Protein chains: 2
Amino acid sequence: MENQSDNLDGLFQALADPTRRAVVSRLGRGPASVGDLAQPFDMALPSFLKHIRLLEKSGLIRTHKEGRVRTCEIDQRTFHEVEDWLEQQKQIWEGRTDRLERFVTGKDRV
Amino acid sequence: MENQSDNLDGLFQALADPTRRAVVSRLGRGPASVGDLAQPFDMALPSFLKHIRLLEKSGLIRTHKEGRVRTCEIDQRTFHEVEDWLEQQKQIWEGRTDRLERFVTGKDRV
DNA sequence: CGATTGGTTTTCCATTTGGCTAACTTACAT
DNA sequence: ATGTAAGTTAGCCAAATGGAAAACCAATCG
């Protein structure tokens, strides 16, 4: 059943940092430029950019450059992968043996 | 409002590793000893133990030793912290301005 | 044109992470 | 009492992570 973008490692990793979570939260209110996003943080721009790049790689955000400003926005769809995994775990505890659980035990998305 | 165990870093970090997620999945079916848990993995026991310890520190699992065997079990409650954060993010996108969003903007759980 | 703004690349550094082996400590079992 | 089974500790190591500074490039402003 191979899940196309089975990227849970990168996803959880991306969320395991307060700066990155804050960026995600901020982007939840709407798109913003790299500079705007960076402003609240006491961190050099290049350091901050690395977080942005990592978030982008994880799929949690998308970005595009227009002129000299790069705009970032959230990609809600990616959150579903995290939610789905959590949901599957709950299905397991709750002793369900329906299609969902078979999917998990099928060794997809360890 | 200070959330007592505001441990999202550790939580996401703990889940950002396939071995650890697999252990969590396995424990969803019921408690197990360290040895049993380790068995499916091609990894030395001490290496595996570190994963267990990290999961324990994150609060995702609890363990106790009886005789010479240490039994591990999942702590479902801790998952709520992750779910809650995700839920809060969704509340933000969805433009909600109710109590939940104010909680988030209140700068708790960045 | 020249200066400024918004990002970007490169290089560097300390710390953390995830793995290993070797050696040790308790329980149990015989 | 000895041996074995189940963890555990203590080092060790390579790679990844999160940060910084310096220098750079490309738009845009005056």
Side-chain angles (χ1 to χ4, degrees), chain A residues 6-27 30-74 82 109-110, chain B residues 6-27 30-74 82 109-110:
Chain A
D6 198 350
N7 187 213
L8 286 170
D9 277 32
L11 244 38
F12 281 115
Q13 187 65 50
L15 293 173
D17 178 280
T19 301
R20 261 135 34 199
R21 283 197 309 280
V23 168
V24 164
S25 261
R26 166 64 188 78
L27 289 178
S33 72
V34 169
D36 286 355
L37 289 171
Q39 180 261 317
F41 300 97
D42 184 21
M43 189 184 299
L45 236 210
S47 310
F48 184 78
L49 230 218
K50 288 213 277 191
H51 289 297
I52 296 295
R53 288 270 137 90
L54 198 147
L55 281 169
E56 194 176 10
K57 207 172 86 182
S58 79
L60 286 168
I61 73 172
R62 270 167 292 116
T63 83
H64 66 280
K65 206 170 177 177
E66 235 177 284
R68 56 184 170 173
V69 26
R70 176 175 301 277
T71 305
C72 310
E73 62 186 318
I74 218 168
V82 178
R109 333 177 127 240
V110 175
Chain B
D6 199 350
N7 189 210
L8 286 170
D9 278 31
L11 244 36
F12 281 115
Q13 187 64 50
L15 293 173
D17 178 281
T19 301
R20 264 145 18 209
R21 283 198 308 281
V23 167
V24 164
S25 261
R26 166 63 187 77
L27 288 178
S33 72
V34 169
D36 286 354
L37 289 170
Q39 179 260 317
F41 300 98
D42 184 21
M43 189 185 300
L45 236 209
S47 311
F48 184 78
L49 229 217
K50 287 213 277 193
H51 289 299
I52 296 294
R53 287 271 138 89
L54 197 148
L55 281 169
E56 194 177 10
K57 206 172 85 181
S58 79
L60 286 168
I61 73 173
R62 270 168 291 117
T63 83
H64 65 280
K65 204 168 177 178
E66 236 176 285
R68 54 182 171 175
V69 25
R70 176 175 300 277
T71 304
C72 310
E73 62 186 317
I74 218 168
V82 178
R109 334 180 125 239
V110 178

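To find a chain, count down the sequence lines: A is the first, B the second, and so on, and within it residues start at 1. Note that the structure is predicted; figures quoted are calculated from it, not measured.
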For the pair made of [atom1] in [X] and [atom2] in [N], what is the distance, rounded to whole Å?
{"X": "A:D9", "N": "C:dT17", "atom1": "CG", "atom2": "P", "result": "15 Å"}
{"X": "B:F12", "N": "D:dT17", "atom1": "CZ", "atom2": "P", "result": "17 Å"}
{"X": "B:R70", "N": "D:dT9", "atom1": "CZ", "atom2": "C1'", "result": "13 Å"}
{"X": "B:L54", "N": "C:dG18", "atom1": "CG", "atom2": "P", "result": "7 Å"}
{"X": "A:L55", "N": "D:dT17", "atom1": "CG", "atom2": "C1'", "result": "14 Å"}
{"X": "A:F41", "N": "D:dG18", "atom1": "CZ", "atom2": "C1'", "result": "14 Å"}
{"X": "A:L49", "N": "C:dT5", "atom1": "CG", "atom2": "P", "result": "18 Å"}
{"X": "A:H64", "N": "C:dG7", "atom1": "NE2", "atom2": "C1'", "result": "15 Å"}

Note to self: Measuring to OP1 and OP2 of D:dT9, would you say a side-chain N or O of B:R53 lies under 4.0 angstrom away?
What the structure shows: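 Answer is yes, contact under 4.0 Å.
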
Margin query: For D:dT8 and B:K65 - does any side-chain N or O of the residue sit under 4.0 Å from the phosphate oxygens OP1/OP2?
Written below: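 For B:K65, the contact criterion (side-chain N or O under 4.0 Å from OP1 or OP2 of D:dT8) is met.
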
Notebook entry, point to check: Which nucleotide in the set D:dG18, C:dG18, D:dT8 lies at the smallest distance from any side-chain heavy atom of B:R20?
Noted result: C:dG18

Next item on the list: Go through C:dG6, D:dG7, D:dG18 for me and flag the one nearest to the A:V69 side chain.
Entry: C:dG6

Is the closest side-chain heavy-atom distance between [X] and [Y] below 4.5 Å?
{"X": "B:I52", "Y": "B:L37", "result": "yes"}
{"X": "B:L55", "Y": "B:L27", "result": "no"}
{"X": "B:F41", "Y": "B:V23", "result": "yes"}
{"X": "B:H64", "Y": "B:T71", "result": "yes"}
{"X": "B:L60", "Y": "B:L11", "result": "yes"}
{"X": "B:I74", "Y": "B:V24", "result": "yes"}

Next item on the list: Could you tell me the separation between the CZ atom of A:R26 and the SG atom of A:C72, rounded to the nearest 0.5 Å?
Entry: 10.0 Å

Margin query: Nearest 0.5 Å, please: how far is CD in A:Q13 from CG in A:L15?
Written below: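 A:L15 CG to A:Q13 CD: 9.5 Å, rounded to 0.5 Å.
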
Item checked: side-chain hydrogen bond (donor to acceptor under 3.5 Å, both in side chains) contacts in which one or both residues fall within residues 37-48 of chain A, not counting sequence neighbours -> none

Pairs under 3.5 angstrom, nitrogen or oxygen only, protein versus nucleotides 28-30 of chain D, please.
residue, atom, partner, partner atom, Å
D:dT28, O4', A:R68, NH2, 3.4

Next item on the list: Give every residue pair that meets the salt bridge (Lys or Arg N to Asp or Glu O under 4.0 Å) criterion with at least one member in residues 9-18 of chain A, sequence neighbours excluded.
Entry: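 Pairs touching residues 9-18 of chain A that pass the test: A:D9-B:R21.
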
Could you list the protein-to-nucleotides 19-24 of chain D atom pairs, N/O on both sides, closer than 3.5 Å?
residue, atom, partner, partner atom, Å
D:dG19, OP2, A:H51, NE2, 2.4
D:dG19, N7, A:K50, NZ, 3.1
D:dG19, O6, A:K50, NZ, 2.8
D:dA20, OP2, A:A44, N, 2.8
D:dA20, OP2, A:S47, OG, 3.0
D:dA20, N7, A:S47, OG, 3.2

Checklist line | Donor-acceptor pair, side chain of B:R20 and main chain of B:H51, under 3.5 angstrom | finding: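 Not at all, since once roles are kept as given, no pair shorter than 3.5 Å links the two residues.
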
Next item on the list: Check DNA chain C for consecutive Watson-Crick or G-U pairs with both distances under 3.5 Å and list the runs of at least three as stems.
Entry: C:1-30 with D:1-30

Notebook entry, point to check: With B:R62, which residues qualify under side chain to side chain contact (heavy atoms under 4.5 Å, CB included), at least two apart?
Noted result: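 Result, side chain to side chain contact (heavy atoms under 4.5 Å, CB included) vs B:R62: B:E73, B:D75, B:R77.
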
